[in-house]
**Q** 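Below is a structure I'd like to ask you about.
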Amino acid sequence: MPADDLIAERRRKLDQLAVLGVPSHNVDFTPTETLDGARRLLARMEVDSSGASAADEAPDGPEVRVAGRVMQYRLQGKSCFVHVEDEGERMQVWLRLDRLGDDEFAVVRLLDLGDIIGVRGNLMRTRRGEPTVLASALTLLVKSLQPPPEKFHGLQDQETRYRKRYLHLLSSAAQRRHFAARTTVVRSLRRTLDNRGFMEAETPILQPIPGGGHALPFVTHWNALHADVYLRIAIELHLKRLLVGGYRRVYEIGRVFRNEGLSPRHNPEFTMLEAYEAYTDYHGMRELTESLIVDAANALGPQQIPEQDGGTFPCDDPLRRSFGGRELSLTPPFRCERMVDLVAQACDFNPVEAWDDLPERAHALGAPVPIGAGAGAALLAIYEHRVEPELWDPTFVLDYPAEVSPLARKRRDDQRFVERFELVVAGREVANAFSELNDPLDQRQRFEEQASLRAAGDDEAFPLDEDFLEAIEVGMPPAGGLGIGVDRLVMLLTDAATIRDVLLFPTMRPRHREEASAEDVNQSSPPSAEDSERP
RNA sequence: GCCCCUUUAGCUCAACGGCAGAGCAGCCGGCUUUUAACCGGUUGAUGGAGGUUCGAUUCCUCCAGGGGGCACCA
């Protein structure tokens, strides 16, 4: 039956309800118990009465009011069982003609899966032992006009799951728990930072010059100024300005936007945590990173972890987790290695000694090196090609080539490297941090190197940001800075295979060409500034 | 951007190139302790456009969406 017919059928029921004088949307119903609370109340009552009233001829238990969405509906003549669901809990409701009377039972006959109802009634157990509210009054709170997903198999279609997440969520308690876990992680990140005296800041998303990361920005248009502006690709440069302004510890958890394709690990908009602390360096950030991750894992609690024979066993240590069918240990302290040492172990040469040969060696190893790349970029390419995918348990990879780190402070003992680490877990980068460059002369020089890369065609090289340089010239305290891809961290901690499984509303292509062109029309004739003047 | 897979009823799934089936949901009828309730009846579909063929859900081409991989990317 076409969807339109199913909707028409439900609208027909609205008309019938109107004839009965029953509003389709009611607001004056206040539950006395959550479904879980009602269940516990029943259990408590049974304990208090020493089980004496558990017999099937038992009188009614305490009266409650509960509400929820109708997920199952079993009408049998003059009696009807429904399961309502709310906050991930389900509870059976028993609607009987002899309790409700003809008028309200007529409403029962017009119920559909997906409706939201409120029930006043008494707690009891049915013959099969199921906790049940035996209804003495029924209030239709919301009539649903759309057919819900299949009640047993749920919503299987990946595309619909992503595009209509509300359907996915309402048909799957497991999904709701999954996304609640994301909130638990984010809340834990904030708590860890707040406890350490960090101040949460909100900095601009619309920026005249996008900076702080290697990425292409989205461009948008500011009508009033007849000027293009960019959506931020990183938070970094504004948080550093706040250090100049005198805050000692600042952070932001917010959305950044990168003009890239989609993949299981990439969404064009994603959530970044960046934190900056004065008078410390990347070693301080290392300690902070470890705490953030350990705290988040502990906040999530234990998880089933995989066994060699393919099974799983429950483990009460939240730091022993499962990812992709393999055990992952987040037990601190995390391993800590210099990039050059890791490369030396994986290949049979010392990259520091072979410095000038690195582009050639990278090429020989099949590591993709950008054209015109120097030794530093080649070292990074070798590392990413040969080492990074093999790192499983958390590993801090220290001391990146200066060439690929234009915002990090150089090592005093070797100017070819900067004080920077990335934390790699399960072959993926989860965090990136460095001792922040606060020498304006060095910073200007690095920007100029980037500018020449830009001129050579690297459109992801950093643009020179004069306003930022001016801020650094005022004087930024020595500081450590940290960035964590929150979505990827959540993936790790919740064993999610794709970033879309940790984003409530992942970016999707417009479904039809018509949709896309409709947006084009809007963009080509935006409302003028005069038309949209605020009151 | 490239390669592979995929798209059948509102949902979940079938169908050697030969009349497109089922379960759930819906509709009609029955049923006052059901549990994916049950019983009888019933409505409803091949992503879009071409092509090959007597005949296309099936084979081919193109387009669109989705999934996976590569590349880009952190």
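Note that these values count all heavy atoms, side chains included, but never hydrogens, waters or copies made by symmetry. Each chain gets a letter, A, B and so on, in the order its sequence line appears, and its residues count up from 1.
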**Q** Given the P atoms of B:G41 and B:G23, what is the spacing between them in whole Å?
**A**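 So the two P atoms sit 11 Å from each other.
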**Q** So, is A:Arg509 near the phosphate of B:G66, with a side-chain N or O under 4.0 Å from OP1 or OP2?
**A**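 It does, given that an N or O in the side chain of A:Arg509 lies less than 4.0 Å from OP1 or OP2 of B:G66.
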**Q** B:G26 P sits how many Å from A:Gln146 CD, rounded?
**A**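 About 15 Å, once rounded to whole Å.
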**Q** For A:Leu113 and A:Gly129, take the nucleotide of RNA chain B holding the closest heavy atom to each; which residue's nucleotide lies nearer the 5' end?
**A**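 Nearer the 5' end of the strand: A:Leu113.
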**Q** So which nucleotide does B:A56 pair with, by the Watson-Crick or G-U wobble rule with both distances under 3.5 Å?
**A**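 Across any shown strand, B:A56 pairs with none.
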**Q** How many whole angstroms separate atom CG of A:Leu97 from atom P of B:G30?
**A**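 After rounding, the gap between these two atoms is 14 Å.
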**Q** Tell me whether A:Arg258 contacts the main-chain N or O of A:Ile233 through its side chain, where contact means a donor paired with an acceptor under 3.5 Å.
**A**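 Side chain of A:Arg258 to backbone of A:Ile233, a donor-acceptor pair under 3.5 Å: yes, one is there.
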**Q** Tell me whether A:Arg488 contacts the main-chain N or O of A:Arg265 through its side chain, where contact means a donor paired with an acceptor under 3.5 Å.
**A**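 At least one qualifying donor-acceptor pair exists.
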**Q** Verify, without hydrogens or angle tests, whether A:Glu150 (side chain) and A:Phe152 (backbone) share a donor-acceptor contact under 3.5 angstrom.
**A**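 Yes: the side chain of A:Glu150 pairs with the backbone of A:Phe152.
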**Q** Has A:Thr132 got a side-chain atom pairing as donor or acceptor with A:Leu134's backbone, closer than 3.5 angstrom?
**A**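 Flag not set: sc A:Thr132 to bb A:Leu134 has no pair under 3.5 Å.
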**Q** Applying the Watson-Crick and G-U wobble criteria at under 3.5 Å, what pairs with B:C24? Answer none if nothing qualifies.
**A**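 Paired with B:G10.
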**Q** Does the A:Ser136 side chain pair with the main chain of A:Arg120, one donor and one acceptor, at a distance under 3.5 Å?
**A**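 Yes, because the side chain of A:Ser136 sits within donor-acceptor range (under 3.5 Å) of the backbone of A:Arg120.
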**Q** Between C1' on B:C28 and CZ on A:Arg12, what's the gap in Å once rounded to a whole number?
**A**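 A:Arg12 atom CZ is separated from B:C28 atom C1' by 10 Å.
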**Q** Nearest whole Å is fine: how far is B:A25 P from A:Leu75 CG?
**A**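 These atoms are roughly 12 Å apart.
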**Q** Could you tell me whether A:Lys164 contacts a base, only the sugar-phosphate backbone, or nothing, with contacts defined as non-hydrogen atoms closer than 4.0 Å?
**A**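 Touches nothing.
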**Q** Would you mind checking if A:Asp399 and A:Arg411 are paired as a salt bridge, meaning a charged N to carboxylate O distance below 4.0 Å?
**A**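 Salt bridge between A:Arg411 and A:Asp399, a charged N being under 4.0 Å from a carboxylate O: yes.
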**Q** How many Å lie between CD1 on A:Ile7 and C1' on B:C11, as a whole number?
**A**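 For the pair A:Ile7 CD1 and B:C11 C1', the rounded distance is 13 Å.
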**Q** Measure from the side-chain heavy atoms of A:Phe81 and tell me the nearest of B:U34, B:C11, B:G65.
**A**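 The listed nucleotide nearest to A:Phe81's side chain is B:U34.
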**Q** Is any NZ, NE, NH1 or NH2 atom of the basic residue among A:Glu252 and A:Arg232 found under 4.0 Å from an Asp or Glu carboxylate oxygen of the other?
**A**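 Yes, this pair counts.
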**Q** B:U33 base to A:Ser79 side chain: any donor-acceptor pair below 3.5 Å?
**A**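 Side chain to base: no pair below 3.5 Å.
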**Q** Quick check for you: to the nearest 0.5 Å, what is the distance between A:Gln72 atom CD and A:Glu85 atom CD?
**A**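 CD of A:Glu85 is found 9.5 Å from CD of A:Gln72.
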**Q** Looking only at side-chain atoms of A:Glu159, point me to the closest of B:U12, B:G68, B:G65.
**A**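 Of all the options, the side chain of A:Glu159 is nearest to B:G65.
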**Q** Looking only at the side chain of A:His83 (C-beta and beyond, no hydrogens), which of the listed nucleotides B:U35, B:G66, B:C24 gets closest?
**A**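 Minimum distance to the A:His83 side chain belongs to B:U35.
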**Q** Considering only atom C1', compute the distance from B:U53 to B:C60 and round it to an integer number of Å.
**A**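 One C1' to the other, the span is 12 Å.
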**Q** Quick check: on RNA chain B, is the nucleotide nearest A:Arg258 upstream (toward 5') of the one nearest A:Ala3, or the reverse? Name the residue that is more 5'.
**A**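 Upstream on the strand: A:Ala3.
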**Q** Is there a donor on the side chain of A:Arg96 or the base of B:U32 sitting less than 3.5 Å from an acceptor on the other?
**A**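 Looking at the base of B:U32, it does pair with a donor or acceptor on the side chain of A:Arg96 (distance under 3.5 Å).
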**Q** Tell me if the side-chain of A:Thr132 makes a donor-acceptor pair with the base of B:U33, cut-off 3.5 Å, by modelled atom types.
**A**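 Flag unset: no donor-acceptor pair detected.
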**Q** Tell me whether the side-chain N/O atoms of A:Lys151 come closer than 4.0 Å to OP1 or OP2 in B:A25.
**A**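 Result: yes.
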**Q** Would you mind telling me which of B:C28, B:C11, B:U33 lies closest to the side-chain atoms of A:Gln76?
**A**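 Given the options B:C28, B:C11, B:U33, the side chain of A:Gln76 is closest to B:U33.
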**Q** Hey, can you pull the residues of residues 421-432 of chain A with a non-hydrogen atom under 4.0 angstrom from RNA chain B?
**A**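 Going residue by residue through residues 421-432 of chain A, the ones with a heavy atom under 4.0 Å of RNA chain B turn out to be A:Glu422, A:Glu429.
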**Q** Calculate the interatomic distance between A:Leu6 atom CG and B:A25 atom P; express it in whole Å.
**A**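 After rounding, the gap between these two atoms is 12 Å.
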**Q** Any base atoms under 4.0 Å from A:Gly213, or only sugar-phosphate, or nothing? Heavy atoms, all strands.
**A**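 If one applies the 4.0 Å heavy-atom cut-off, A:Gly213 turns out to touch nothing in the nucleic acid.
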**Q** What is the distance from CZ of A:Arg163 to P of B:C11, rounded to the nearest Å?
**A**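 The answer, rounded to whole Å, is 14 Å.
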**Q** At under 4.0 Å between heavy atoms, what does A:Asp157 touch on the DNA or RNA strands: base, sugar-phosphate, or nothing?
**A**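 Result for A:Asp157 = sugar-phosphate.
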**Q** Which nucleotide wins on minimum distance to the side chain of A:Thr126, given the candidates B:U33, B:A71, B:U32?
**A**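 Per side-chain heavy atoms of A:Thr126, the pick is B:U33.
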**Q** Phosphate oxygens OP1/OP2 of B:G30: is one of them under 4.0 Å from a side-chain N or O of A:Lys78?
**A**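 A:Lys78 to B:G30 OP1/OP2: no side-chain N or O under 4.0 Å.
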**Q** Using the C1' atom on both, measure B:G47 against B:U6 and round to a whole Å.
**A**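 Nearest-Å result for B:G47 against B:U6 at atom C1': 11 Å.
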**Q** Donor-acceptor pair, distance only, cut-off 3.5 Å: does the side chain of A:Ser172 make one with the backbone of A:Leu169?
**A**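 No, because the side chain of A:Ser172 does not come within donor-acceptor range (under 3.5 Å) of the backbone of A:Leu169.
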**Q** Strictly distance-based, threshold 3.5 Å: is any side-chain N or O of A:Asp115 a donor or acceptor partner for the main-chain N or O of A:Ser144?
**A**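 Yes, A:Asp115 side chain to A:Ser144 backbone: donor-acceptor pair under 3.5 Å.
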**Q** Using the C1' atom in both, what is the distance from B:A56 to B:U46, to the nearest Å?
**A**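 Approximately 11 Å lies between the C1' atom of B:A56 and that of B:U46.
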**Q** Which nucleotide sits closest to the side chain of A:His153: B:G65, B:U35, B:U12?
**A**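 Nucleotide nearest to A:His153's side chain: B:U12.
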**Q** Take atom C1' in B:A37 and the same atom in B:U43, then report the distance between them in whole Å.
**A**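 That atom pair is separated by 23 Å.
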**Q** Does any nucleotide pair with B:C70 by Watson-Crick or G-U wobble geometry, both distances under 3.5 Å, and what is it?
**A**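 Base-paired to B:G1.
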**Q** Please report the distance separating the P of B:G21 from the corresponding atom of B:C16, rounded so that it comes out in whole Å.
**A**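 Taking atom P in both B:G21 and B:C16, they lie 13 Å apart.
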**Q** Let's test your reading of the model: under 3.5 Å, does the base of B:U34 pair with the side chain of A:Arg74 as donor and acceptor?
**A**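 Indeed there is one.
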**Q** Does atom NZ of A:Lys164 have more than 12 heavy-atom neighbours from other groups under 6.0 Å away?
**A**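 No, the 6.0 Å shell around NZ holds no more than 12 heavy atoms from other groups.
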**Q** Which whole-number value in Å describes the distance from A:Glu150 CD to B:C13 P?
**A**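 A:Glu150 atom CD is separated from B:C13 atom P by 9 Å.
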**Q** Looking at every strand, decide which applies to A:Glu9 at a 4.0 Å heavy-atom threshold: base, sugar-phosphate, or nothing.
**A**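 Sugar-phosphate, no base atom in range.
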**Q** Under the 3.5 Å rule, do the base of B:U35 and the side chain of A:Gln72 count as making a donor-acceptor pair?
**A**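 Result: no qualifying N/O pair found.
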**Q** If we ignore hydrogens and angles and just use 3.5 Å, is the side chain of A:Ser435 paired with the main-chain N or O of A:Tyr282 as donor and acceptor?
**A**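 Yes: the side chain of A:Ser435 pairs with the backbone of A:Tyr282.
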**Q** Taking any strand in view, what nucleotide pairs with B:U61 in a Watson-Crick or G-U wobble way, both distances under 3.5 Å?
**A**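 Its partner is B:A49 (Watson-Crick or G-U wobble, both distances under 3.5 Å).
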**Q** Examine B:U33: is either OP1 or OP2 under 4.0 Å from a nitrogen or oxygen in the side chain of A:Arg128? Give yes or no.
**A**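 Looking at the OP1 and OP2 atoms of B:U33, neither is under 4.0 Å from any side-chain N or O of A:Arg128.
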**Q** I'd like the C1' distance from B:C4 over to B:G10, given in whole Å.
**A**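 To the nearest whole Å, 31 Å.
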**Q** Expressed as a whole number of Å, how far does the C1' atom of B:U12 sit from that of B:G50?
**A**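 B:U12 and B:G50 have their C1' atoms separated by 32 Å.
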**Q** Looking at every strand, decide which applies to A:Thr160 at a 4.0 Å heavy-atom threshold: base, sugar-phosphate, or nothing.
**A**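 A:Thr160: no heavy atom of the nucleic acid under 4.0 Å.
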**Q** Can you check whether A:Arg127 has a side-chain N or O nearer than 4.0 Å to OP1 or OP2 of B:U34?
**A**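 Answer is no, no contact under 4.0 Å.
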**Q** Look at the side chain of A:Pro264 and decide which nucleotide, out of B:A71, B:G69, B:C27, has an atom nearest to it.
**A**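 The answer is B:G69.
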